[in-house]
Undergrad: 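Let me give you the structure first, and then I'll get to my questions.
Owing to the predicted nature of the structure, the values given are computational and were not obtained by experimental measurement.
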Protein chains: 2
Amino acid sequence: MLSTNMKNETDIRQVLWQLAFQFKVSTKRAVRDYDLPLNGMHVRLLQMIHRHPDCTAQQIAGVTGRDKAQITRVIKELEGMALITRTPDPEDRRAQLLSLNDKGQGLMARIQDAEDEVKKTLLKGINKKDQNTFIEIGNRMLDNLRD
Amino acid sequence: MLSTNMKNETDIRQVLWQLAFQFKVSTKRAVRDYDLPLNGMHVRLLQMIHRHPDCTAQQIAGVTGRDKAQITRVIKELEGMALITRTPDPEDRRAQLLSLNDKGQGLMARIQDAEDEVKKTLLKGINKKDQNTFIEIGNRMLDNLRD
DNA sequence: TCATATTGGTTGACAACATCAACTAGTGAA
DNA sequence: TTCACTAGTTGATGTTGTCAACCAATATGA
């Protein structure tokens with residue numbers, strides 16, 4: 001049967017490609033199961049802002065590697081949903097500092113629950129040491145790709 | 001600076017998300033640099049069919065986890081570009097067996113070159129043992145996600 | 001063997017994400 | 001003050017993912 005044939009094509013590209021896809025699918029499902037009115041990018045940016053209060057759109061674009069146009073749009077949607085606030089940067093009137101408001105903070109807790117569930121599934125039966133190894137090697141690959 | 005702050009948020013989700021994104025970007029660039037008139041999905045499916053001649057759309061959908069609608073469309077495009085041929089499965093008149101034709105075979109060599117370059121970049125400075133460890137752990141995660 | 005469920009594939013509609021270029025407004029340096 | 005540059009916005013357009021309806025062939029089972 002084909003599926004058994006394919007199992008041992010353990011090319012690293014296949015692993016990355018599949019892992020990315022399956023991870024995205026799982027996350028999306030978790031978010032939906034928790035009745036969060038968000039899509040993947042919303043979640044990503046909320047987490048970003050949560051972790052780095054008063055960051056700017058530009059910084060997010062830089063770190064994630066996404067196009068700034070896309071960041072702008074997602075931020076606008078998040079603001080439209082009253083989850084974040086934008087305040088002009090006093091030191092640079094072009095920039096705006098992003099932060100979660102109360103509603104956004106509230107959502108974060110539920111987002112964490114959903115994501116923790118995915119993480120739990122993902123890492124089932126994989127010990128801490130292997131997890132760290134994986135992350136460490138993954139980061140080296142990332143450094144390579146980013147030049 | 002923010003970028004240095006963010007470097008040590010080595011959450012596994014961040015790594016997966018970023019790795020997926022950067023990998024996609026690199027692959028896309030490589031494909032473009034090699035002047036291949038293809039997008040990511042084209043490449044993926046061509047490789048699939050190359051590795052598993054006479055597979056069906058359904059099998060590809062199953063293995064990759066993608067929606068069959070999407071598979072259908074990409075296959076139609078590949079056929080439109082005269083890279084693959086579809087022949088009805090003699091044992092099941094609903095199904096069609098997919099295979100690369102000469103032109104498709106010809107492209108495969110150049111696709112391999114492009115992808116090998118990405119792979120070389122990706123794995124620079126990472127020894128075989130670590131590569132295998134990464135793949136092995138990645139596969140375990142995949143099994144977890146796929147239930 | 002005839003109704004029924006299932007499967008392989010197709011199509012349409014649409015949401016999510018990416019990309020590129022043009023533009024405004026503020027900043028910084030010569 | 002001029003000029004290059006940066007933060008952010010907008011529009012257009014392409015790619016990928018998702019869902020539901022549908023057709024034809026097949027398998028099931030009463």
Undergrad: List in numerical order all residues of residues 21-32 of chain B for which some heavy atom is under 4.0 Å away from an atom belonging to DNA chain C.
TA: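 The answer is B/F21, B/K28, B/R32.
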Undergrad: Which pairs count as salt bridge (Lys or Arg N to Asp or Glu O under 4.0 Å) when at least one residue sits in residues 29-42 of chain B, sequence neighbours excluded?
TA: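 Not a single pair qualifies under salt bridge (Lys or Arg N to Asp or Glu O under 4.0 Å).
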Undergrad: Can you list the residues that meet the side-chain contact (heavy atoms from CB on, under 4.5 Å) rule with A/A30, with sequence neighbours excluded?
TA: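 Expected list: A/A114, A/V118.
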Undergrad: Give me the residues of residues 79-96 of chain B where at least one heavy atom lies under 4.0 Å from an atom of DNA chain D, by number, or none.
TA: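 The stretch gives B/D92, B/R93, B/R94 as the residues lying under 4.0 Å from the strand, ordered by number.
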Undergrad: Mind checking what makes salt bridge (Lys or Arg N to Asp or Glu O under 4.0 Å) contact with B/E79, not counting sequence neighbours?
TA: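 Checked B/E79 against salt bridge (Lys or Arg N to Asp or Glu O under 4.0 Å); matches are B/R86.
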Undergrad: Applying salt bridge (Lys or Arg N to Asp or Glu O under 4.0 Å), can you list everything that pairs with A/D89, at least two apart in sequence or on another chain?
TA: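 Here no residue qualifies.
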Undergrad: What pairs of residues pass the salt bridge (Lys or Arg N to Asp or Glu O under 4.0 Å) test when at least one of them lies in residues 108-124 of chain A, not counting sequence neighbours?
TA: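 Every pair satisfying salt bridge (Lys or Arg N to Asp or Glu O under 4.0 Å) with a residue in residues 108-124 of chain A: A/R44-A/E115, A/E115-B/R13, A/K119-B/D11.
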Undergrad: Check every atom of C/dG9, C/dC17, D/dT9 against the side chain of B/K68 and return the nucleotide holding the closest atom.
TA: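 Between C/dG9, C/dC17, D/dT9, the one nearest the side chain of B/K68 would be C/dG9.
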Undergrad: Tell me whether the OP1 or OP2 atom of D/dT16 has a side-chain N or O from B/R66 closer than 4.0 Å.
TA: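 Indeed not, no polar side-chain atom of B/R66 lies that close.
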Undergrad: Are A/N39 and C/dA15 close enough that a side-chain N or O sits under 4.0 Å from OP1 or OP2?
TA: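 For A/N39, the contact criterion (side-chain N or O under 4.0 Å from OP1 or OP2 of C/dA15) is not met.
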Undergrad: Provide the full list of salt bridge (Lys or Arg N to Asp or Glu O under 4.0 Å) pairs with a residue in residues 56-73 of chain A, sequence neighbours left out, each pair given once.
TA: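 Residue pairs with at least one partner in residues 56-73 of chain A: there are none.
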Undergrad: Using the C1' atoms of five pairs at each end, what's the angle between the two axes of the helix from C/dT1-D/dA30 to C/dA30-D/dT1, to 10 degrees?
TA: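 The two end axes of the helix from C/dT1-D/dA30 to C/dA30-D/dT1 meet at 20°.
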Undergrad: Among residues two or more places apart or on two chains, list those pairs meeting salt bridge (Lys or Arg N to Asp or Glu O under 4.0 Å) that have a residue in residues 130-140 of chain A.
TA: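 Sorted pair list: A/D130-B/R140, A/E136-A/R140, A/R140-B/D130.
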Undergrad: If you restrict it to nitrogen or oxygen atoms, what contacts under 3.5 Å exist between nucleotides 12-14 of chain D and the protein, and what is each distance?
TA:
residue : atom : partner : partner atom : Å
D/dA12  : N6   : A/R73   : NH2          : 3.2

Undergrad: Does B/Q70 put a side-chain nitrogen or oxygen below 4.0 Å from OP1 or OP2 of D/dG17?
TA: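 Looking at the OP1 and OP2 atoms of D/dG17, one of them is under 4.0 Å from a side-chain N or O of B/Q70.
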Undergrad: With sugar-phosphate meaning primed atoms plus P, OP1 and OP2, does B/A61 contact a base, only sugar-phosphate, or nothing at under 4.0 Å between heavy atoms?
TA: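 It contacts nothing in the nucleic acid.
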Undergrad: Which residues pass the side-chain hydrogen bond (donor to acceptor under 3.5 Å, both in side chains) test with A/T72, not counting sequence neighbours?
TA: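 side-chain hydrogen bond (donor to acceptor under 3.5 Å, both in side chains) list for A/T72, sorted by chain: empty.
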